[in-house]
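Take a look at the structure set out below.
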Number of protein chains: 2
Amino acid sequence: MKKLFFVTRSEENYIKTIFHLGGNSSSLIATNAIAEQMETKPSSVTDMAKKLAEKGFVNYKRYQGVSLTDFGIKTALSIIRKHRLWEVFLVEKLDFSWDEVHEVAEQLEHIKSEKLIDKIDELLGNPKYDPHGDPIPSKDGKFMERDKQLLSEMTLKSEGVCVGVKDTSAAFLKFLDKNSIALGNTIKVLEKEDFDLSLHIQMEGKELHISHQIASNLYIKKND
Amino acid sequence: MKKLFFVTRSEENYIKTIFHLGGNSSSLIATNAIAEQMETKPSSVTDMAKKLAEKGFVNYKRYQGVSLTDFGIKTALSIIRKHRLWEVFLVEKLDFSWDEVHEVAEQLEHIKSEKLIDKIDELLGNPKYDPHGDPIPSKDGKFMERDKQLLSEMTLKSEGVCVGVKDTSAAFLKFLDKNSIALGNTIKVLEKEDFDLSLHIQMEGKELHISHQIASNLYIKKND
DNA sequence: ACAAATTTTTAGATTTGTCTAAATTTTAAT
DNA sequence: ATTAAAATTTAGACAAATCTAAAAATTTGT
Ligand SMILES: [Mn+2]
Ligand SMILES: [Mn+2]
Ligand SMILES: [Mn+2]
Ligand SMILES: [Mn+2]
């Protein structure tokens, strides 16, 4: 007796946002936080919180906030899986650049067809990470967060590989492209400037200067 | 000074339906015809007709019906192009069967990204026809209706190739699959039964009996 | 031509998702 | 412990898309 609710696009977007704000665990997410993230008003969030609670996606405590139920988490992971698989598809199969995919994936993630996304997954060879280095949940909702750290937190002389970005804005991604910084690149910290926290690094053989702003938005997987 | 209106999913569905009902040419399409096709009520159609007229997609004459403007035709062709390209993609790249693609294409046709559909078109090698034999409009809205006729209208002894279906219901398509009738198959009319209008045909070498119901939903391109 | 049948439109209601402004609750500060 | 500030909810409104029921226009049949 599997209850299958129709989930609207708006509901899906709220569920996804709550998940990204940490609404897994049992921590309560504040109304204002959701409103700010979704560029909507707190009163709209309250209305939706009630509806999502009604449908079993969240636990809602008046004046306290919401947290996702197990069902809500499962739903969120399914949407995120679709979003990230579509992003891989756009980059791998249609030559989109990594700064163009998010907007389109925001639409594609709402397409309702289990077979479609399973086939896309298969076509792509069951990728584990999306173009920004974020992990792709499997069909049954499991995924591994990669062992990684921000470049800004790496110790002097340590080496590693670029595996992800924290800021996924088109502006940042284009900046990385312009400076030939890409996921998969090898990296070594040559020098750290105490004054402005900027770094002198070696990337794929070439030496490069990196501001703190950049270093604190690049994820590195340390060697061994 | 290109005016770019936001077109809602619902508006797109109305525009597409009006086109399919023959709303190109200057013929007026009746409110009831649209309502029936869309499984909605005439009063809803009237409301939408006003909105579509407001936005420049249709000419609307009270109590007479609607016809698409040039802009409306252009919009309809763009939606149909997307629908049919996605259907080809699902069949060619994801191994969907031709009876499964329509439902998903109904969703995908509303994805808004010019680059996406152009890249899909390119990936597929600019196909001219969809899995049901229907022509795919080009980016600039041109398309060729194929020279074809219903099997039921073919003369005795004439030969040809299966190029399309009139009834695109999953039930009919599955029936064709079961009987190994597929687009591209060669066909020759061996005998016509006056009594029930059934046909005796040769398809890809094998002899077959075909009811009038089937014959009047299969398009054939006659040889030479 | 004119009454009857059909089609279409209008009027008013409903649902979803949003907003503003006011009221309420919680949290922070003195 | 009060008061002030911040966060949250409620109340009431609105736009989009739909519906039902009633009114109006058109078409049809004799
Ligand atoms: Mn994204
Ligand atoms: Mn991503
Ligand atoms: Mn179709
Ligand atoms: Mn088709």
Side-chain angles (χ1 to χ4, degrees), chain A residues 4-18 21-23 26-68 72 75-76 79 106-107 109-110 112, chain B residues 4-18 21-23 26-68 72 75-76 79 106-107 109-110 112:
Chain A
L4 29 130
F5 264 121
F6 177 73
V7 192
T8 69
R9 173 176 298 226
S10 185
E11 286 164 356
E12 287 189 340
N13 283 331
Y14 274 94
I15 291 166
K16 191 176 52 145
T17 298
I18 294 166
L21 288 171
S26 50
S27 63
L28 289 170
I29 306 301
T31 302
N32 268 7
I34 298 168
E36 188 178 11
Q37 184 73 23
M38 300 195 63
E39 300 184 81
T40 182
K41 303 294 167 184
S43 55
S44 306
V45 175
T46 299
D47 287 346
M48 185 56 85
K50 289 174 187 167
K51 196 186 314 174
L52 292 178
E54 191 75 32
K55 292 194 173 189
F57 294 110
V58 303
N59 297 119
Y60 168 53
K61 297 210 187 71
R62 279 168 84 246
Y63 290 101
Q64 299 305 128
V66 296
S67 65
L68 291 170
T75 305
I79 302 162
E106 283 291 307
Q107 298 179 62
E109 72 188 3
H110 301 292
K112 285 174 175 62
Chain B
L4 30 128
F5 264 121
F6 176 72
V7 192
T8 68
R9 172 176 299 227
S10 185
E11 286 163 358
E12 287 189 339
N13 284 331
Y14 274 94
I15 292 166
K16 192 176 51 143
T17 298
I18 294 165
L21 256 23
S26 50
S27 63
L28 289 170
I29 306 300
T31 302
N32 268 8
I34 299 168
E36 187 178 11
Q37 183 73 25
M38 300 196 62
E39 300 184 82
T40 183
K41 302 294 168 186
S43 55
S44 306
V45 175
T46 299
D47 287 345
M48 185 56 85
K50 289 175 189 167
K51 197 188 313 174
L52 292 178
E54 192 74 31
K55 291 192 174 191
F57 294 110
V58 303
N59 298 118
Y60 169 53
K61 296 209 187 72
R62 277 168 85 247
Y63 290 100
Q64 300 305 129
V66 296
S67 65
L68 291 171
T75 305
I79 302 162
E106 283 292 306
Q107 298 179 61
E109 70 187 4
H110 301 292
K112 285 174 175 62

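We name chains A, B, ... by the order of the sequence lines, and we start the count at 1 in each one. The model shown is predicted, which means the values in this text are computed figures rather than measured ones.
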- line: Atom CD of B/Glu36 and atom P of C/dT6 are separated, to the nearest Å, by 15 Å
message: What is the distance, to the nearest angstrom, from the CZ atom on A/Arg9 to the C1' atom on C/dT16?
response: 15 Å
field: Interatomic distance where CG belongs to A/Asn13 and C1' belongs to C/dT18 [whole Å]
entry: 14 Å
- request: Take nucleotides 8-16 of chain D nucleotide by nucleotide from the 5' end and write B, S or -, depending on whether a protein heavy atom sits under 4.0 Å from the base, only from the sugar-phosphate, or from neither.
  value: BBB-----S
statement: By side chain to side chain donor-acceptor pair (under 3.5 Å), A/Lys112 pairs with (sequence neighbours left out) A/Glu12
field: Spacing between A/Tyr14 atom OH and C/dT16 atom P, to the nearest angstrom
entry: 15 Å
field: Partner of B/Ile29 under side chain to side chain contact (heavy atoms under 4.5 Å, CB included), chosen from B/Ile34, B/Leu68, B/Thr17
entry: B/Ile34
message: From CG of A/Leu52 over to P of C/dT16, roughly how many Å is that when rounded to an integer?
response: 13 Å
- prompt: With sequence neighbours left out, what residues match B/Gln107 under side chain to side chain donor-acceptor pair (under 3.5 Å)?
  reply: none
message: Test of understanding: with side chain to side chain donor-acceptor pair (under 3.5 Å), list the residues that count as partners of B/Asn59, not counting sequence neighbours.
response: none
ring-ring contact (aromatic ring centres under 6.0 Å, His included) contacts in which one or both residues fall within residues 33-61 of chain A, not counting sequence neighbours: A/Phe57-A/Phe71
field: Within residues 30-46 of chain A or reaching into it, pairs that qualify as salt bridge (Lys or Arg N to Asp or Glu O under 4.0 Å) - sequence neighbours excluded
entry: none
field: A/Met48 CE - C/dC19 C1' separation (whole Å)
entry: 14 Å
